[in-house]
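Following: one structure in structure tokens, then a few remarks.
This is a predicted model, so every value here is computed, not measured.
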Amino acid sequence: MGKLLNKPARIVNKRDLAESFALMGFDVFACAPNCKEPHRGSHGLKDATQDLGIIRAWWKAQPKSNPAIRTGGSNRVNVLDVEKRSLDWIKYCPVAEHLIELWQVRSGGGGVHFYFRLPDGISIRNSASDITDGVDTRGTGGYAIAPGSVVDGNEYQIIQGFEEGSTVDDIPLADPELIAFLQKELGKSNADSTRSDAIRPSNSIPEGQRNHAMTSLAGTMRRAGMGYEAILAALREENNRCVPPLDDSELVKIANSVCRYEPDTITVAVVENHWAQMVEAGEIENTSPKDPGPIPSKLLCVPGFISDVMNYNMANAPTPNEVLAFCGALVMQSLLMGRKVCGPNNARANIYLLALGESGSGKDFPRSTNVQIARQCGFIKQMRDKFASSEGIEDALADEPCLLFQNDELDALLQSINKAKDTRFENIMGTLLQMYSCSGSVYAMRVKAGTSTDRHIDQPFLSLFGTAIAKYTYSALSERMLTNGFFNRLLVFESGERQRYVERETNLEIPSSILDVARIWKDKPCGNGNLSEHMPNPQVVGFAPDAIEARKASVEEFEDKIEAAREAGDDVRCSLYKRATENATKLTMIYAASANYVNPVITTDAIEWAHALIDHMVRRMSFMSANYGADSWIGRKIQSLKDKLRKSKGKKLGRSAALKHLDVPKREFDEIIHTMGERGEIMITEETTKGRPRTMYELIGD
């Protein structure tokens, strides 16, 4: 067995992890990459095995799969899952002293998994919040995500146990007091859960009625406004009544299916038995986008020039932000390569990048760093600020055919895509699209009045570093916007919360290591021949021999995701994935040039990094569109409340009036108010009355 278990998951080979757990005596199976759910088409925990040949075959086919451990089997392994929000419960738990002796794993959500074994003849059932809110058990018929796995970008990490050479027999047996506590809380007898039919509960659900019963329960909960996690937890609990129990992957599909409906339409879905129709049509997979969370730091790591510039930005920015620091470095490397190198199929490294952040989050410093580098290395003419018109963009590129625009007011352009009212912005967008597509060919300029000469720009290279306020951009997210050719070419980074201000020195010098590389790129010719500056013949950046298969795998995976999105009717996700390979290709070239400015070569590392980065972006934008965009249910409700507030006296409205206007369950109403508050769209105040204080909502920033 390898020495991988106590290393960070980001450097762990998932197949080696799975093999290690199998050698320890765990029953292992594969879950989808970055997820807690089994692969589509698999049998989930029913496939769990210790057979290394089977495990190797699984991970050869899906190398990024998360290993999962079946609980409650012959090895008697069980897990107590305490979510992050409920960790304080441990302090007051009467058997806390017995928990600290167990093997422990920090879950991706920040909670703790406690591993223990039970004696023969004793078992516990799966439960969700039966002991207390946020405290679950995984026993017979359950599973736990193994340490070393990554879910939504967050790692499951070992706290205690799982030492090299240990086996499941080394997992502590639960203390009798802990067993008694669990049995009491769960209302479970000592008898094993594998009872005969003769002593099954009288309210059991027989085969043939299980799917309908589970869907009916899920529908009832969804009607009341409950979400996916709560519904799935309830289904897992009620699954104990099914004879035999449904596979957990089936429960996941039912919960996902029901949650596709808004609470006010779920009655129709249950009465018409949409689940059965979906099963018959083969449309039972989850189509609701999940939140992959903030971009993982490991995706902001590119060796060489990009890393050097990023480190400089982080060390010297008054409000350091690693995402913004990375974005600035990425576009600078793109500019340096402009018209001088090309990739497979004549691909070019021009990128349109949008960084979203709060006001005052430090968006200026990376732009300033890029300007300093350009000034000191003699290519300041290639740096521009804002563009006011499509004609201005054309004329700027006619004068200097390789440019980087750093624009801090990209919100207006993005809003115009959604509203389609300002022809000036529409023309700018059209020109940007043409420039993007013509980077490897010729751009035909407009014909000026009074002239008959056709004007062209040979291989124009335009990169864009735009910044915008996150809340304004999210409010503009719509299907029209996300399926637009300009937006789905954007690389969108979210910088997160503003960091604390740090007093820095002034007049900081750019390190010579950065400037030397920038000068080498600046002096690099655009090809051979006297006319190369006007008609470039760029150096080709090819694949390393061992990278060709990785490239094919990346392309195939993105194509599969396009098909899945199309089958699910998700036009937004489909449109974004259609540009995934093109965007990833550009990033692989940039990675190669940053890592080796003398002889850039596209490696497997470059391909896997670019693939992971683009996939994360697509999933994040799909989630934001579905949940916070103008076309989502919450987006429509927010817009409706804003319209009501605009028409109200003083742009204010009381809680009862607002609740009556939206006509939604209290839980959904609170989510809408919370979202608007977080986005800075309303101010919540209390007004003194003769009776109880009155909660008021005031529209701001509008």
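- Judged by distance alone, with hydrogens and angles left aside, the side-chain atoms of R236 form no donor-acceptor pair with the main-chain N or O of G142 at under 3.5 Å.
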For salt bridge (charged side-chain N to carboxylate O under 4.0 Å, His left out), just list the numbers for R106 and E155, CA-CA rounded to whole Å, side-chain angles, deciding distance to a tenth of an Å, and then say yes or no. CA-CA 8 Å; R106 179 77 63 189; E155 302 167 0; over 6 Å; no
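- Looking only at distances, a side-chain donor or acceptor of T604 sits under 3.5 Å from a matching main-chain atom of D546.
- A distance-only check finds no donor-acceptor pair linking the side chain of W59 to the backbone of A18 [under 3.5 Å].
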Can you list the steps and then say if F558 with H611 is a ring pair (Phe, Tyr, Trp, His ring centres under 6.0 Å)? CA-CA 9 Å; F558 281 143; H611 182 98; 4.1 Å; yes
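- A distance-only check finds a donor-acceptor pair linking the side chain of T585 to the backbone of T581 [under 3.5 Å].
- A salt bridge links K561 to D615: at least one charged side-chain nitrogen sits closer than 4.0 Å to a carboxylate oxygen.
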Would K552 and E556 satisfy salt bridge (charged side-chain N to carboxylate O under 4.0 Å, His left out), going step by step from the backbone distance to the final call? CA-CA 6 Å; K552 290 180 180 177; E556 286 300 314; over 6 Å; no
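- When all heavy atoms of T588 and A606 are compared, the closest pair comes out as CG2-O, 3.7 Å.
- Aromatic pair F116/H98: ring centres not closer than 6.0 Å.
- The closest side-chain heavy-atom distance from F493 to L613 is below 4.5 Å.
- Aromatic rings from W103 and F162 are positioned such that their centres are separated by under 6.0 Å.
- In this structure, CG in D605 is found 11.5 Å from CH2 in W609, a value given to the nearest 0.5 Å.
- Contacts of N75 classified as side-chain contact (heavy atoms from CB on, under 4.5 Å), with partners at least two apart in sequence or in another chain: D27, V77, V168.
- Side-chain atoms of N66 and K36 include no donor-acceptor pair closer than 3.5 Å.
- A donor-acceptor pair is defined here as one N or O able to donate and one able to accept, closer than 3.5 Å; no such pair exists between the side chain of S86 and the backbone of V82.
- Counting heavy atoms from C-beta on, the side chains of V492 and L356 come closer than 4.5 Å.
- You'll find the side chain of M24 reaches within 4.5 Å of the side chain of S166, heavy atoms only.
- No donor-acceptor contact under 3.5 angstrom links the side chains of R138 and S127, judged on distance only.
- By the side-chain contact (heavy atoms from CB on, under 4.5 Å) test, N154 is found to be paired with no residue, residues two or more places apart in sequence or in another chain being considered.
- Put simply, the side chain of S129 gets close to the backbone of G134: a donor and an acceptor are under 3.5 Å apart.
- The backbone N or O of L246 sits less than 3.5 Å from a side-chain atom of N239, completing a donor-acceptor pair.
- A donor and an acceptor atom, one from each side chain of S297 and E322, are located under 3.5 Å apart.
- Under a 3.5 Å cut-off, the side chain of Q160 and the backbone N or O of I100 do form a donor-acceptor pair.
- Ring geometry, F21 versus F26: the interplanar angle exceeds 60°, so the pair is classed perpendicular (tilted spans 30 to 60°).
- Residue S495 holds its OG atom at 14.0 Å from CZ of F326, rounded to the nearest 0.5 Å.
- Using a distance-only test at 3.5 Å, with no hydrogens or angles considered, no donor-acceptor pair links the side chain of D16 to the main chain of N13.
- For S107, the side-chain contact (heavy atoms from CB on, under 4.5 Å) partners two or more places apart in sequence, or in a different chain, are H113, Y156.
- Distance alone, capped at 3.5 Å, is enough to place a donor-acceptor pair between the S149 side chain and the P67 backbone.
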Go through the steps for R15 and E19 under the test salt bridge (charged side-chain N to carboxylate O under 4.0 Å, His left out), then give the verdict. CA-CA 6 Å; R15 188 193 74 178; E19 288 185 26; 3.3 Å; yes
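- Applying the 6.0 Å contact sphere to CG of N345 captures no more than 12 heavy atoms from other residues, nucleotides or ligands.
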